[in-house]
A.B. asks: 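Below is one structure. I have some questions about it.
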There are 2 protein chains.
Amino acid sequence: MADSDDKLPKYRRIADALKDAVNSGQYAAGDRLPGENDLMETYGVARMTARQALGVLQSEGIAEARKGAGVFVRDFRPLRRRGIQRLAEAQWGSGRSIWAADIDNRELEVDQVDVSVAVAPERIADTLGLEPGDSVCVRQRRFVLDGKPVLLSTSYLPAALVAGTRIMQEDTGPGGTYARLAEIDAKPAHFREELRSRMPTADETAALQLAAGTPVILICRTAFAQDHRPVEVNEMTLDAASYVLEYDFDA
Amino acid sequence: MADSDDKLPKYRRIADALKDAVNSGQYAAGDRLPGENDLMETYGVARMTARQALGVLQSEGIAEARKGAGVFVRDFRPLRRRGIQRLAEAQWGSGRSIWAADIDNRELEVDQVDVSVAVAPERIADTLGLEPGDSVCVRQRRFVLDGKPVLLSTSYLPAALVAGTRIMQEDTGPGGTYARLAEIDAKPAHFREELRSRMPTADETAALQLAAGTPVILICRTAFAQDHRPVEVNEMTLDAASYVLEYDFDA
DNA sequence: TAGTGGTCTAGACCACAGC
DNA sequence: CTGTGGTCTAGACCACTAC
């Protein structure tokens with residue numbers, strides 16, 4: 001109701017009607033919506049107009065087109081990421097992975113791993129307090145939930161610091177990178193996370209298999225040792241539809 | 001270079017060429033990009049195809065169309081919001097607004113204020129531990145930076161708790177709502193912020209004057225008193241292009 | 001094979017911006 | 001006023017999906 005369509009373009013009215021139908025429960029998550037041909041007939045519009053209406057729902061993240069099959073209502077069951085508890089020393093200090101703190105009885109797996117050494121990009125060198133041209137250990141990973149990629153992570157550590165440690169290997173051992181840093185007198189004591197959100201690039205869309213209308217959340221985390229020296233920068237790219245981020249803190 | 005266009009659709013190639021030109025600095029923020037007519041001529045394509053190419057840049061938040069004028073490269077200078085320091089008691093305890101912690105020598109102003117009493121929505125009643133049908137004080141505000149709205153905030157407090165206090169007025173006085181809560185034995189001691197990101201609804205697009213291709217960040221903050229009783233829920237909607245969120249914490 | 005969405009063309013009229 | 005983007009039509013061919 002309240003279809004106060006003064007002079008809304010046709011495609012907006014059709015889109016609004018579809019959205020109302022979805023919100024009213026007429027179509028549930030996973031259901032197929034009326035296709036281009038259906039809309040052309042129902043509303044007496046041209047193909048491009050029906051298409052544009054369906055495009056609105058896709059760009060708002062409400063629906064998802066599957067080639068040759070139809071347009072479907074998207075599901076939305078995000079993972080809860082506890083920003084602070086997950087990095088408490090009790091997590092990795094006890095040999096558990098910090099990623100274990102993310103799962104709500106669902107499986108979060110590492111899908112792709114790549115470890116290499118390279119010259120530090122300028123912004124990383126700045127943050128880590130390195131000289132231009134210094135090398136860093138680069139650890140790239142992709143995380144998959146229920147078969148769908150949800151997170152890309154690229155971690156940078158000063159090569160001079162971590163040379164010869166298990167951090168240079170694909171499997172960093174119990175407690176992960178942070179437990180290993182603790183063993184070489186570089187135990188993380190303080191973290192800073194910076195968050196942004198924007199629409200994905202084509203590369204990100206491919207790597208995370210993102211539906212149209214899904215933003216990404218960028219997290220840049222810097223880990224500092226007790227002496228305030230930065231020891232790691234971790235740049236993450238999250239499928240925004242797959243995550244809720246939580247931060248708990250005192251006044 | 002590296003235009004490895006195997007079988008990319010025309011509009012994607014045109015879009016990629018434009019993106020390269022933007023990234024290489026050929027077009028700076030605020031510059032006008034080649035219009036539909038220019039692209040039709042340059043690439044020998046139909047109007048809808050040129051249009052689709054420009055649509056890619058807009059939906060990725062790179063460019064912004066202005067009716068009757070052209071398509072322009074968007075500017076991007078986000079505001080830094082320090083999630084934890086800004087809520088430290090030292091902020092509001094000293095009579096300063098928590099919003100003062102957001103500005104980087106730029107003006108953040110309240111644009112619209114509305115204070116009312118209403119029945120608590122179900123999710124709010126749940127979070128605040130109220131019975132269904134209980135009333136809440138609802139404080140709605142819009143914040144503007146450099147003339148552009150960047151943040152919508154709706155704060156809910158139990159009506160029984162704040163009745164008769166300055167929290168029910170538009171101007172809550174020095175230190176704001178939290179300072180007033182402290183005066184009635186409900187001083188916030190702990191906070192939880194939950195973050196999501198998604199594409200905006202039509203209402204949000206209008207209220208925040210969002211360009212196409214701009215996501216919103218949703219923050220739901222719950223404030224707890226010393227005795228762990230929830231005293232406020234604040235739902236915020238941020239223009240994602242206007243904000244960087246920062247959280248600092250110890251291991 | 002029939003139907004779906006993805007891409008593309010070649011036109012059209014409109015509202016709005018800037019000169 | 002001219003040019004811009006916004007909307008819309010009526011066709012077309014393709015690749016893919018499901019049956």
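Per chain, numbering begins at 1; letters A, B, ... match sequence-line order.
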A.B. asks: Sort me out a list of protein N/O and nucleotides 9-13 of chain D N/O pairs below 3.5 Å, or just none if empty.
C.D. replies:
| residue | atom | partner | partner atom | Å |
| --- | --- | --- | --- | --- |
| D:dT9 | OP1 | A:Lys10 | NZ | 3.0 |
| D:dT9 | OP2 | A:Ala46 | N | 2.9 |
| D:dT9 | OP2 | A:Thr49 | OG1 | 2.4 |
| D:dA12 | N6 | A:Arg47 | NE | 3.2 |

A.B. asks: Quick one: closest heavy-atom pair of A:Pro200 and A:Pro215, and the distance?
C.D. replies: CD-CA, 4.2 Å
A.B. asks: Ignoring backbone atoms, establish whether B:Arg51 has a side-chain N or O less than 4.0 Å from OP1 or OP2 of D:dG6.
C.D. replies: yes
A.B. asks: Rounded off to whole Å, could you give me the CZ-to-P distance for the B:Arg13 and C:dT7 pair?
C.D. replies: 13 Å
A.B. asks: Between atom CD in B:Glu36 and atom C1' in C:dC16, what is the gap in whole Å?
C.D. replies: 14 Å
A.B. asks: Please determine whether a side-chain nitrogen or oxygen atom of A:Tyr11 lies at a distance below 4.0 Å from atom OP1 or OP2 of D:dC8.
C.D. replies: no
A.B. asks: C:dT4, D:dT4, D:dT7: which one has an atom nearest the side-chain heavy atoms of A:Gln52?
C.D. replies: D:dT7
A.B. asks: From CG of B:Leu33 over to P of D:dT4, roughly how many Å is that when rounded to an integer?
C.D. replies: 13 Å
A.B. asks: Given atom CD of A:Glu41 and atom C1' of C:dT4, what is their separation to the nearest angstrom?
C.D. replies: 15 Å
A.B. asks: Grab the CG-C1' distance between B:Leu54 and D:dG3 for me, whole Å please.
C.D. replies: 15 Å
A.B. asks: Using a 6.0 Å cut-off, check whether atom CD of A:Glu41 has over 12 heavy atoms from anything other than its own residue.
C.D. replies: no
A.B. asks: Residues two or more places apart in sequence or in another chain: which of them pass side-chain contact (heavy atoms from CB on, under 4.5 Å) with B:Asp31?
C.D. replies: B:Tyr27, B:Ala28
A.B. asks: For a quick check of understanding: with a heavy-atom distance under 4.0 Å over all strands, which category does B:Arg12 fall into, base, sugar-phosphate or nothing?
C.D. replies: nothing
A.B. asks: Return the minimal non-hydrogen interatomic distance between B:Leu39 and B:Val45, and the atom names on each side.
C.D. replies: O-CG2, 4.0 Å
A.B. asks: At less than 4.0 Å, is any side-chain N or O atom of A:Asn37 found next to OP1 or OP2 of C:dG3? Yes or no.
C.D. replies: no
A.B. asks: Is the NZ or CZ atom of A:Arg66 both under 6.0 Å from the centre of the six-membered ring of A:Phe72 and within 45° of that ring's axis?
C.D. replies: yes
A.B. asks: Nearest to the side chain of A:Pro9, heavy atoms from C-beta on, is which of D:dG5, D:dT7, C:dT7?
C.D. replies: D:dT7
A.B. asks: A:Gly68 or A:Ala65: which one's nearest nucleotide on DNA chain C is closer to the 5' end?
C.D. replies: A:Gly68
A.B. asks: Distance check needed: C:dC16 P versus B:Lys67 NZ, whole Å only.
C.D. replies: 5 Å
A.B. asks: Apply side chain to side chain contact (heavy atoms under 4.5 Å, CB included) to B:Leu54 and B:Glu36, showing your working.
C.D. replies: CA-CA 8 Å; B:Leu54 288 169; B:Glu36 297 174 357; 3.8 Å; yes
A.B. asks: Identify, with sequence neighbours excluded, every residue that meets ring pair (Phe, Tyr, Trp, His ring centres under 6.0 Å) alongside A:Tyr156.
C.D. replies: none
